[in-house]
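Here the structure is laid out as structure tokens; the discussion comes afterwards.
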2 protein chains.
Amino acid sequence: MHVLVLGSGQLARMMSLAGAPLNITMSAYDVTTDRVVHPLTQAVIDQTLDQAIAAADVITAEFEHIPHDILAICDKSGKFLPSTDAIKAGGDRRLEKALLDNSGVKNATYYVINNRADFDAAIQHVGIPMVLKSALGGYDGKGQWRLKDSTQVDTIWQEMQECLNGSAQQAIVAEQFVAFDREVSLVGARSASGEVAVYPLAENIHVNGVLSLSTAIDAPELQEQAKQMFTAVANSLDYVGVLAIEFFDVNGELLVNEIAPRVHNSGHWTQQGAEVCQFENHVRAVCGLPLGSTKLVRETAMINILGEDTLPTELLAMEGCHIHWYGKGKRPGRKMGHINVTADYSGELQRKLCEIAGYLDAKAFPAVHEVAQKIRS
Amino acid sequence: MHVLVLGSGQLARMMSLAGAPLNITMSAYDVTTDRVVHPLTQAVIDQTLDQAIAAADVITAEFEHIPHDILAICDKSGKFLPSTDAIKAGGDRRLEKALLDNSGVKNATYYVINNRADFDAAIQHVGIPMVLKSALGGYDGKGQWRLKDSTQVDTIWQEMQECLNGSAQQAIVAEQFVAFDREVSLVGARSASGEVAVYPLAENIHVNGVLSLSTAIDAPELQEQAKQMFTAVANSLDYVGVLAIEFFDVNGELLVNEIAPRVHNSGHWTQQGAEVCQFENHVRAVCGLPLGSTKLVRETAMINILGEDTLPTELLAMEGCHIHWYGKGKRPGRKMGHINVTADYSGELQRKLCEIAGYLDAKAFPAVHEVAQKIRS
């Protein structure tokens with residue numbers, strides 16, 4: 001089988017690595033350059049998008065910010081999975097909130113802002129403090145504001161207005177600020193026949209809005225809540241493939257923060273920690289193969305490598321420390337790779353995280369240092 | 001770093017999959033077609049061998065039957081690893097036997113045959129029964145004869161003579177027939193600094209001279225013997241990379257059968273069963289990176305897929321059953337892929353092998369049926 005992926009970044013790359021042993025070949029469409037490339041080698045394939053679509057058995061996506069005209073072309077082929085609705089909901093905060101409401105899963109109170117009057121209404125409806133997020137194009141903490149008290153209203157409105165003026169399709173979604181204990185996410189897969197398999201929850205630490213550290217956790221009650229919400233959302237979309245849902249854990253009650261209709265950074269730990277990783281399960285699902293086991297096989301944590309293109313060799317020599325580079329050029333803050341750290345039991349994982357923190361710069365890897373400090377104290 | 005692999009088959013393919021997360025790119029030189037290709041996609045790269053050598057940081061090989069003129073060109077670049085001597089020893093039974101003797105490791109009594117007089121001398125020296133193997137070009141049971149009693153001498157000599165006439169460089173090595181209890185192999189890596197890391201021994205079942213099933217075993221005394229011999233051979237070659245040694249287990253005493261100066265079919269189980277697989281460790285060694293842990297993380301067996309290009313989907317749905325296809329066209333008896341079966345403990349692995357045998361054709365997968373029958377009885 002041949003799969004065409006919209007997007008040619010690290011997620012497509014890791015899908016191609018996971019698909020190869022199943023004899024599933026892959027090409028990737030770079031929406032920015034309008035070129036078809038191989039997702040691992042980045043070698044240009046002499047095909048137009050239409051030719052690539054014709055040559056594919058299945059089309060899928062590695063990200064949700066895909067121009068709707070491209071989505072429409074792919075949809076017309078009848079080969080696109082998970083579904084264009086799912087991708088659109090992942091790329092538009094308004095649709096995402098409506099989806100969550102329609103699926104009956106808990107999420108923060110919100111209000112859609114198109115103009116200053118809406119902003120005032122949002123303050124009434126949602127209350128201060130609130131979080132404001134652009135409906136389109138925001139990710140990794142970009143296009144977000146926090147309104148902590150009423151003195152900030154005018155300043156933030158200036159910035160929001162600029163954002164709204166950027167595109168006629170743009171809007172801003174005001175959300176109640178949630179005082180959460182921690183952020184967790186559930187990554188799972190749904191097959192065309194409606195089978196659902198979810199991985200253990202991951203606890204995530206974000207720094208400046210970007211994921212820094214994810215650890216697979218054993219939390220049976222939260223897991224059950226999360227799985228129910230996952231199933232509700234996935235079923236309501238008739239979803240096929242891997243889906244990720246980020247939650248706020250508020251005193252043991254989960255509230256959906258956002259969904260990602262694709263393999264997800266907080267699921268990279270599954271490459272070493274689960275029986276079958278998220279990339280293989282996405283490929284299996286969209287190709288109509290049986291889902292693989294999502295069972296935890298080892299305690300695992302994942303550390304994102306941001307803006308760095310070298311690591312101390314001591315890490316490679318450490319038992320259970322697996323480095324995954326994405327073959328990308330260095331840029332400040334760019335996701336360059338990740339480290340999966342595995343251990344036989346939780347105490348060993350903690351010991352390893354402390355050891356790893358000793359090798360890594362605290363500025364570049366703040367979360368692992370924070371965690372190591374907590375473990376040591 | 002960029003690695004050029006001599007040979008563009010499944011071993012180069014799996015090296016490229018293992019190297020990608022380390023940001024190690026790869027090209028492969030197909031010695032038969034004189035073309036440089038990508039080992040995963042098989043896309044032709046517009047380079048001559050000389051250009052490919054110039055573009056590579058390191059050159060290595062996926063097989064030992066490489067024309068000596070090509071080896072010489074690679075060697076001249078100063079980039080070739082493990083070493084041309086190691087490759088030559090792997091590809092010439094005479095050199096291999098001399099290496100084993102020089103390394104002081106036990107192997108079957110032998111005699112080199114170039115003509116009929118040598119054959120008679122071999123019968124005197126080695127005795128009947130004996131095994132006869134062509135010095136060059138033999139693998140997977142090809143170019144081998146078994147002399148069980150003296151009535152066969154003339155018939156076998158006819159065939160051997162034909163083989164000898166095929167090339168002036170050819171010879172035949174007569175070896176004492178070893179009545180072994182089982183065949184085991186040790187796969188391990190040696191770094192440029194002399195560090196050695198070996199995997200647990202695998203017990204191998206061959207059918208018609210071709211590997212059919214390998215299972216990682218826990219046999220501390222054999223492991224120690226094997227590791228000593230591995231280290232002696234690897235050190236005597238100043239070997240850098242993954243090396244495999246096949247042994248006969250004769251009542252708890254190991255005798256070297258043959259060596260393979262490369263990643264090896266009996267080490268494919270390490271993809272799921274070891275902390276770092278043989279392909280990654282070969283890449284790490286030749287690229288001067290620290291060796292990864294060779295620790296067993298799960299009970300694992302490997303089943304070769306020979307001459308088949310489809311498998312029942314039930315296998316993919318089975319927990320712990322991982323299929324690795326090689327992307328090759330179907331031919332009778334051809335190595336098309338392998339199945340790695342993992343389990344938490346040995347009894348579970350046995351149960352899974354029995355279940356798998358139920359899905360597979362006994363003619364195509366004789367060893368797993370044989371093992372399942374033994375387990376059930």
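Within every chain, numbering begins at 1; the chains are lettered A, B, ... in the order of the sequence lines, protein sequences first and strands thereafter.
- In this view, A:His338 and A:His268, A:His324, A:Tyr326 satisfy the ring-ring contact (aromatic ring centres under 6.0 Å, His included) rule, not counting sequence neighbours.
- The choice from A:Thr342, A:Val297, A:Leu22, A:Thr25 that makes the most heavy-atom pairs within less than 4.5 Å of chain B is A:Leu22.
- Contacts of A:Thr41 with chain B are made by side-chain atoms alone, with heavy-atom separations under 4.5 Å and no backbone atom involved.
- Going from atom CG of B:Leu360 over to atom CD1 of B:Ile339 covers 5.0 Å, rounded to the nearest 0.5 Å.
- Atom OH of B:Tyr199 sits about 6.5 Å away from atom CD of B:Gln278, to the nearest 0.5 Å.
- Of all residues in residues 282-293 of chain A, those placing a non-hydrogen atom less than 4.5 angstrom from a non-hydrogen atom of chain B are A:Arg284, A:Leu289, A:Pro290, A:Leu291, A:Ser293.
- With contacts defined as side-chain heavy-atom distances shorter than 4.5 Å, the pair A:Met14/A:Gln271 qualifies.
- Within the structure, salt bridge (charged side-chain N to carboxylate O under 4.0 Å, His left out) pairs that include any residue of residues 266-278 of chain A comprise A:Glu275-B:Arg298 (at least two apart or interchain).
- Atom CG of B:Leu311 and atom CD1 of B:Ile303 lie 9.5 Å apart (nearest 0.5 Å).
- Heavy-atom distances place the side chain of A:Leu40, and not its backbone, under 4.5 Å from chain B.
- Annotation: the span from B:Tyr29 atom OH to B:Leu6 atom CG amounts to 8.5 Å, rounded to 0.5 Å.
- Atom CH2 of B:Trp269 is separated from atom CG of B:Leu296 by 5.0 Å, given to the nearest 0.5 angstrom.
- If you measure heavy-atom distances from A:Asp309 to chain B, you find no contacts under 4.5 Å at all.
- Annotation: residues 345-353 of chain A contacts chain B through no residue [non-hydrogen atoms, separation under 4.5 Å].
- Under a 4.0 Å N-O distance rule, the pair B:Glu308/B:Lys330 does not qualify as a salt bridge.
- The shortest distance between side-chain heavy atoms of B:Ser8 and B:Pro39 does not fall below 4.5 Å.
- Distance alone, capped at 3.5 Å, places no donor-acceptor pair between the A:Ser27 side chain and the A:Leu4 backbone.
- Atom CG of residue A:Leu306 and atom OG of residue A:Ser212 lie 6.0 Å apart, to the nearest 0.5 angstrom.
- Of all the listed residues (A:Met318, A:His322, A:His38, A:Glu314), the one sharing the greatest number of non-hydrogen pairs under 4.5 Å with chain B is A:His322.
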